[in-house]
2 protein chains.
Amino acid sequence: MALGRPRAFDIDTALNRALEVFWSKGFDGASLTDLTEAMGISRPSLYAAFGNKEDLFRKALDRYKTEKMAYINEALAAPTARTLAERLLFGAATMLTDPSHPVGCLSVKGAMTCKDDSLIAREELDQLRCSFETAIIERLTRAIADGDLPPDSNPLVLQRFLGTVAMGMSLQASQGATAADLMAVARMALTAWPALR
Amino acid sequence: MALGRPRAFDIDTALNRALEVFWSKGFDGASLTDLTEAMGISRPSLYAAFGNKEDLFRKALDRYKTEKMAYINEALAAPTARTLAERLLFGAATMLTDPSHPVGCLSVKGAMTCKDDSLIAREELDQLRCSFETAIIERLTRAIADGDLPPDSNPLVLQRFLGTVAMGMSLQASQGATAADLMAVARMALTAWPALR
DNA sequence: ACACTTATGTACCGTTTGGTATGAATGTAG
DNA sequence: CTACATTCATACCAAACGGTACATAAGTGT
């Protein structure tokens, strides 16, 4: 049986290029022309290999999640709640300013730059964020049970604080803040973390 | 001398409608059709009264700055650095979730949803943010001189912390956080504020 | 009543958007 | 060498984008 003409580009590196474009321009800001030029392929090749623009974004987001948000899972595996908070904020500070890729956070940029209509990608983003949030909340409630946090702590508030600082750091990075700048913010934010005494 | 045909719409309420559209959809996300429909006027009327889309955005941003970011100036007038931080974060929490207008911050949304090319509005946004930042930094350095903050405090770090939390709260609001949610975050953030001892 | 100035409604401009039809090119299996 | 399956490049599509030309309508000053 014939297998057909082999594709002339590496589907994996092409997806990486697409990820970079979405990352720096957002979903709506990234045009098909932007994408195909960065990926080095033609429009029909893109559609044959990845579906449509939304599908491509989803696949890029998937790669982003597993490769660039790994620090969140590492934070979730921390032995104590305090270490979780440290790994989360310091990890965000380094990742958001890593010069090897666009600054800021794709999920933040993506959520802001997509029209309300006709965007299933938005659900994907909400779901991604939501899953991390609940994981952190569960980890923090377990920390209270372990005597790892004061019994009167509120896991929802603690999580929302961490999320707020992390998202804020994403915007700061987009506006030119350096890794050192964000580290200082992270250190100060950790000052607010409840002590066991 | 003839004065010409009077315009059939109130230029002030029309600008308010435009502000709401830009606020909820961003700069690129707000199409001319979106704007004219919300403003209840035709395209030529819009261009005759406001210039072009960028000019309209600038005027809407101007109104936003004077009306909706007033709490920042009130915070700058606070007697102590601590009160400044409180007014800033609590003010942001209430403003960002005020049900009488779109949630979140126009300057955050605007900065995220504009293409790099052909956007002088971006400069306007950067300049606006920058002016508030330097004002806060100057106020905080004065606070150190006044003995209002510990002498080893770093005004740049303190400002960046406040800005990070405020911007993070804007994103939280966009994702559905309530005023109470943001108030809790603000209270926790203020825990990190340096005490005089 | 007239001239003049400005606003309005319609209909249009060129460009860019996401997405495709189509035929030639390129590989493998028989 | 031939048949087949798939990708490739070109050229195109309808729709939406920001912006405008043009004729008409609606006022005011003389």
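In the text below, chain A, chain B and the rest are named by the order of the sequence lines, each starting its count at 1.
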Would a distance-only check, ignoring hydrogens and angles, find a side-chain to backbone donor-acceptor pair under 3.5 Å from Thr113(A) to Phe27(A)? yes
Any idea how Trp23(B) and Tyr64(B) line up, ring-wise: parallel (<30°), tilted (30 to 60°), or perpendicular (>60°)? perpendicular
Give me each pair satisfying salt bridge (Lys or Arg N to Asp or Glu O under 4.0 Å) with a member in residues 82-111 of chain B, each pair once, sequence neighbours excluded. Arg82(B)-Glu86(B)
Mind calculating the distance between CG (Leu3(B)) and C1' (dA3(C)) to the nearest angstrom? 14 Å
Measure from NZ on Lys53(B) to P on dT16(C) and round the result to the nearest Å. 15 Å
Proximity to DNA chain D (any heavy atom under 4.0 Å), residues of residues 31-50 of chain B only: Ser31(B), Leu32(B), Thr33(B), Arg43(B), Pro44(B), Tyr47(B)
Those residues of residues 5-17 of chain B lying under 4.0 Å from DNA chain D by at least one heavy atom: Arg5(B), Pro6(B)
Do any side-chain atoms of residues 139-150 of chain A form donor-acceptor pairs under 3.5 angstrom with protein atoms, and if so which ones, sequence neighbours left out?
residue: Arg139(A); atom: NH2; partner: Ala78(A); partner atom: O; Å: 3.0
residue: Arg139(A); atom: NH2; partner: Pro79(A); partner atom: O; Å: 3.1
residue: Thr141(A); atom: OG1; partner: Ile137(A); partner atom: O; Å: 2.9
residue: Thr141(A); atom: OG1; partner: Glu138(A); partner atom: O; Å: 2.7
residue: Asp148(A); atom: OD2; partner: Ala81(A); partner atom: N; Å: 2.7

Donor-acceptor contacts, no H, no angles, side chain residues 174-186 of chain A, under 3.5 Å, sequence neighbours left out:
residue: Ser174(A); atom: OG; partner: Ser170(A); partner atom: O; Å: 3.1
residue: Gln175(A); atom: OE1; partner: Arg129(B); partner atom: NE; Å: 3.3
residue: Gln175(A); atom: OE1; partner: Arg129(B); partner atom: NH1; Å: 3.4
residue: Thr178(A); atom: OG1; partner: Ala180(A); partner atom: N; Å: 3.4
residue: Thr178(A); atom: OG1; partner: Asp181(A); partner atom: N; Å: 3.1
residue: Thr178(A); atom: OG1; partner: Asp181(A); partner atom: OD2; Å: 3.1
residue: Asp181(A); atom: OD2; partner: Thr178(A); partner atom: N; Å: 3.0
residue: Asp181(A); atom: OD2; partner: Arg160(B); partner atom: NH2; Å: 3.4

Indicate yes or no: does Asp28(A) engage Lys25(B) in a salt bridge with an N to O separation below 4.0 Å. no
Looking only at the side chains, is there a donor atom on one of Asp34(B) and Ser31(B) sitting less than 3.5 Å from an acceptor on the other? yes
Other hydrophobic cluster members with Val103(B), side-chain heavy atoms of Ile/Leu/Val/Met/Phe/Trp/Tyr under 4.5 Å, chained? none
